[in-house]
Amino acid sequence: MENIPVVAGVVSARSGAARVVPAVQADSSAEGAERSAAQGECNGSAQVESSPARADGAARAGSASAWDGLRRTGILALGTFAVGTDSFILAGFLPDLAGTLEVSTATAGLAVTVFAAAYALGSPVLATLTARLPRRTLLVSALLLLALANLGSALAPVFWMLLATRIAAALGAAAFTPNAGAVAAALVPPEARARALAVVVGGLTIATALGVPLGEMLGRWLGWRSALTGVALVCLVAAAGVATWVPALPGNPVVPLAARLAVLRNRAIVAVLPVTVLGMCAAYVVYAYAVPALGALGIGVGATAWVLMLYGLGAVAGNLSSGYATDRFGAARVLTVGYAVMAVALGIMGVLAATGTRLPALVGVLAVGWGAASWCQTPAQQHRLIAAAPQEPGLVVALNASCIYFGIGAGTLLGGSTLAHGATAMFGVAATLAVVTLGYLRLTAR
């Protein structure tokens, strides 16, 4: 589940003056968000006049414009909800999928790996190739691609066809999520921009807490094909809503791929990004194989959805608290606590699996800590990256988004390779990676 918290600090120049506008995580089209935000400010700001009556009228008009724009961002949140659910829904029914397609559970995990890899690699490329497309056309096309890809996954008769459709789904998600944030920023006046971005982020957050466990329940009751069909239907509804409610917005100037990657010449950036990859890898060694892993802890198939929901609630709490805590205590301290909690939670789960101890209540508490530690990483890492390259915040945040998915893909691949050795080995590898990440962080933190 790619998360997209709001960050501040994109500096843009207009009429010779510098100003600061919000930037949106996740995406290699951050310059588009910046341009759209500039247009939003130009269109949404009320002209200051000497007449109190006219000023009051302008304020009321601005308030009405903000409310109208916020209503329109709701349909974008439905799209990000579909993306967030689709990104990780396979974890809830991976063994059933493997059985249907006659592959091992470890091999079935490659469906998560290829989705993550395609998103990570495709995001900057798509941002370059689609830069000039009108934003509404791009959003609708991305949702339709995501819907068709999920229908293809639901109908796939063999595993290789499932992999192909997961790659297509990842490309649709990579095209939609960042641009949804950029369009949301353009739909409202400047004073409502943070709320609009929060609405879009809310779709991903709700998907983490509710979408994946609800998908697992649907898959258990009606089969995994029905769950993926449900995601496709949500995508179609969101596409129709975007086509109807989102106004036409122009495309953006093309930024060459080489220019997007030039920030990697900054040694400070190169030192920070491995923390994202290692941390997300540690967090997702077990996640895609949650059903067999939790089963080893005495959590039955019927209770898996509830544990995943606790994980999701922890993820929401971790993400929200991380932003506040980073501002107050600093990114390095927040990440230090996060990786320590992750290592302890996963380590204790490993001990429970090794000893055959059955403590469902403790597993639930550990799942909350695991989720919180997994998703507290993004705001703090963004803070570190922007501090290292304050003139290129959009580009470094976009690179961080790609690294998130690289880490997820690597973690899932590593989990699949250790699955045959049992849940204890998976939890142990994940906890060890969390410790390694913590050690690397302390060596490179400033």
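- Using a 4.5 Å cut-off on side-chain heavy atoms (C-beta onward), Leu366 and Leu362 make contact.
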Would you list the atom pairs, donor with acceptor, under 3.5 Å between side chains in residues 93-105 and any protein atom, with sequence neighbours excluded?
unit_1: Thr100; atom_1: OG1; unit_2: Asp96; atom_2: O; d: 3.0
unit_1: Thr100; atom_1: OG1; unit_2: Trp224; atom_2: NE1; d: 3.2
unit_1: Ser104; atom_1: OG; unit_2: Thr107; atom_2: N; d: 3.1
unit_1: Ser104; atom_1: OG; unit_2: Thr107; atom_2: OG1; d: 2.8

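- Between the side chain of Thr165 and the backbone N or O of Met161 there is at least one donor-acceptor pair closer than 3.5 Å.
- Within the 4.5 Å cutoff, no side-chain heavy atoms of Leu76 are placed close to those of Thr80.
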The test is side-chain contact (heavy atoms from CB on, under 4.5 Å); show your working for Ile408 and Tyr287 and say whether it passes. CA-CA 9 Å; Ile408 291 172; Tyr287 188 83; over 6 Å; no

Under the side-chain contact (heavy atoms from CB on, under 4.5 Å) criterion, do Leu441 and Arg384 qualify, and how do the steps go? CA-CA 11 Å; Leu441 169 70; Arg384 296 181 72 207; 3.5 Å; yes

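- Distance alone, capped at 3.5 Å, places no donor-acceptor pair between the Thr85 side chain and the Ala82 backbone.
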Pair Leu236, Leu144 - check side-chain contact (heavy atoms from CB on, under 4.5 Å), show working. CA-CA 6 Å; Leu236 290 175; Leu144 290 177; 3.9 Å; yes

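- Across Leu399 and Leu264, no two heavy atoms sit closer than the pair CD1-CD2, 3.8 Å.
- Taking the side chain as every heavy atom from C-beta outward, Arg166 and Asn150 approach each other to under 4.5 Å.
- A distance of 9.5 Å separates CD1 in Ile269 from CD1 in Ile386, rounded to the nearest 0.5 Å.
- Applying side-chain contact (heavy atoms from CB on, under 4.5 Å) to Tyr289 and the options Leu294, Val112, Leu419 leaves one that passes, Leu419.
- Under the 30°/60° scheme for interplanar angles, the aromatic rings of Tyr311 and Trp370 are found to stand perpendicular.
- A 4.5 Å side-chain heavy-atom check between Leu273 and Leu385 finds at least one atom pair inside the cut-off.
- Note that the OG1 atom of Thr229 and the CG atom of Leu155 stand 6.5 Å from one another [nearest 0.5 Å].
- Pairing each heavy atom of Thr444 with each of Ala271, the nearest pair is OG1-O, 4.2 Å.
- To the nearest 0.5 Å, the span separating CZ on Phe115 from CD1 on Ile89 amounts to 11.0 Å.
- Between Arg72 and Leu187, the shortest heavy-atom contact is CB-CD1, 4.0 Å.
- Separation of atoms SG (Cys376) and CE (Met342) is listed at 7.0 Å; rounding is to 0.5 Å.
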Starting from the C-alpha separation in whole Å, work towards a yes-or-no answer on side-chain contact (heavy atoms from CB on, under 4.5 Å) for Arg442 and Thr336. CA-CA 8 Å; Arg442 299 314 305 170; Thr336 297; 2.9 Å; yes

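- Side-chain atoms of Asn400 and Val396, non-hydrogen and from C-beta on, never get closer than 4.5 Å to each other.
- Within 6.0 Å of the CZ atom in Arg358, the count of heavy atoms belonging to other residues, nucleotides or ligands exceeds 12.
- Using a distance-only test at 3.5 Å, with no hydrogens or angles considered, no donor-acceptor pair links the side chain of Thr177 to the main chain of Ala174.
- Not a single donor-acceptor pair under 3.5 Å links the side chain of Thr357 to the backbone N or O of Ala353.
- Checked against side chain to side chain donor-acceptor pair (under 3.5 Å), Thr424 has no partners two or more places apart in sequence or in another chain.
- Remark: Cys235 SG to Leu151 CG distance equals 9.0 Å, nearest 0.5 Å.
- Under a 3.5 Å cut-off, the side chain of Asn179 and the backbone N or O of Leu138 do not form any donor-acceptor pair.
- Gln381 places none of its side-chain heavy atoms less than 4.5 Å from the side chain of Met280.
- Across all their heavy atoms, Arg135 and Thr130 have their closest contact at NH2-O, 2.8 Å.
- The minimum heavy-atom distance between Tyr440 and Val270, with the atom names listed, is OH-O, 4.3 Å.
- Considering every non-hydrogen atom in both Pro256 and Thr128, the closest pair reads C-OG1, 4.4 Å.
- Rounding to the nearest 0.5 Å gives a distance of 7.0 Å between CG of Leu90 and CG of Leu162.
- In this structure, Leu414 and Leu433 have side chains that are in contact, with non-hydrogen atoms separated by less than 4.5 Å.
- Under the side-chain contact (heavy atoms from CB on, under 4.5 Å) test applied with Phe427, the options Ile348, Leu297, Val351, Leu352 reduce to a single match, Leu297.
- When each of Phe176, Tyr405, Phe406 is tested with Tyr119 by the rule ring pair (Phe, Tyr, Trp, His ring centres under 6.0 Å), just one qualifies, namely Tyr405.
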